[in-house]
Amino acid sequence: MSEILEIIQNRHSSRYPFDPEHKPSKKDLMQILEAARWAPTAHNMQNFEIVVVDDRKHLMELGNIKSKISEEFLRENYQQLSFTEEELIQKKVGILGTMFPQSWRTPDDWEKVARESESSSLDQTIKGSPMLLIVTYDARKRAPASEGDVLGFISLGCVMENMWHMAQALGIDFQIMSVFGADSVEKDVKKTLEIPEYMRIAYAVRLGYSISKPSKFLRARRDLEEFAHYNRFENTWFV
Ligand SMILES: Cc1cc2nc3c(=O)[nH]c(=O)nc-3n(C[C@H](O)[C@H](O)[C@H](O)COP(=O)(O)O)c2cc1C
């Protein structure tokens, strides 16, 4: 039991460049896919298809796809930032701003960043990863009576989490890349990988081994009593 909790607590987003020459083994990849296979999904619909991309040609083609950053993204991203580790530890939610370029943290620069991002490409996100998983779903179907297919999206999250924990257990670095599901990017990714029109991209994953990384990651989370309620919403949890 404690091993599961340890994997959950140590799982983290690996945002550092990966070694392009160090690909996860086929055996490890199969275990990650097996973890996806057993994910819970609404009505057991298993409404997902995963495209594994590891050949250089396709990785290069994906890397060349343009990914534009909007001012809206920069503004909403900024709202989630802490500017020092101490601030994040105190706030307990959000992410560390220092992982982004200075210009993303400077509201006066946003217009320029958004304009110049016209020419930025996905390889800045893929960062040398030798293997990507593109997680797609059939948008023509939805979980029964699930408004906006919320239950379907939760299911895709379960797939994500199962794969992430397995990767963590195998010592493989893992990062979600939501940008693959953004309208303009999604269109080009689908074309490159010949993904049928009716499929949508939920997210993509970078899999690999970071070239360098800190020995310890900052794990900022709320305490139990800040989100758990006891019997009635107004009763905070007691330990
Ligand atoms: C639905 C979803 C989308 C995410 N999209 C991204 C993303 O595009 N890029 C990224 O670096 N991290 C992404 N993340 C990772 C979160 O930022 C991360 O899980 C959170 O900051 C907590 O950090 P940790 O994963 O290191 O515990 C995403 C996570 C989820 C669940």
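Remember, it's 1-based here, ligands and their atoms both numbered in the order they're listed. What you see is a predicted model, and the numbers here were worked out from it, not measured in a lab. Along the sequence shown, the residues carry numbers beginning at 1. As a basis for the values below, the full set of heavy atoms in this structure was taken, side chains included, without hydrogen atoms, waters or symmetry mates.
In terms of N/O distances under 3.5 Å, ligand 1 is approached by I176. Residue R219 has at least one nitrogen or oxygen atom sitting less than 3.5 Å from a nitrogen or oxygen atom of ligand 1, judged on distance alone. The shortest N or O to N or O distance between Q175 and ligand 1 is under 3.5 Å.
In terms of heavy atoms, I50 sits closest to M163 at CD1-SD, 3.9 Å. Nearest heavy-atom pair, R15 versus M99, reported as atom, atom and distance to 0.1 Å: NH1-CE, 3.3 Å.
The contact set between ligand 1 and I95, taken as ligand atoms under 4.0 Å from a residue heavy atom, comprises 21 (O). In the vicinity of M177, heavy-atom distances shorter than 4.0 Å reach the ligand 1 atoms 8 (O). Every atom of ligand 1 with a heavy atom of S178 under 4.0 Å away is listed here by number and element: 3 (C), 4 (C), 5 (N), 6 (C), 7 (C), 8 (O). Ligand 1 places these atoms under 4.0 Å from at least one heavy atom of R221: 22 (C), 27 (O).
With sequence neighbours excluded, the residues satisfying side-chain contact (heavy atoms from CB on, under 4.5 Å) with Y78 are L81, F83, P107, W110.
The backbone N or O of I126 sits nowhere less than 3.5 Å from a side-chain atom of D123 that would complete a donor-acceptor pair. Side-chain atoms of N162 never come within 3.5 Å of backbone atoms of A36 as a donor-acceptor pair (strictly under, hydrogens ignored). The backbone N or O of K57 sits less than 3.5 Å from a side-chain atom of D55, completing a donor-acceptor pair.
Compare R15, Q9, M160, H12 by their heavy atoms: the one nearest to atom 20 (C) of ligand 1 is in R15. Remark: among candidates S13, A204, A182, the nearest residue to atom 26 (O) of ligand 1 is S13, based on non-hydrogen atoms.
Protein heavy atoms are found inside the 4.0 Å sphere centred on atom 7 (C) of ligand 1.
For residues 204-220, the salt bridge (charged side-chain N to carboxylate O under 4.0 Å, His left out) pairs, not counting sequence neighbours, are D173-K213.
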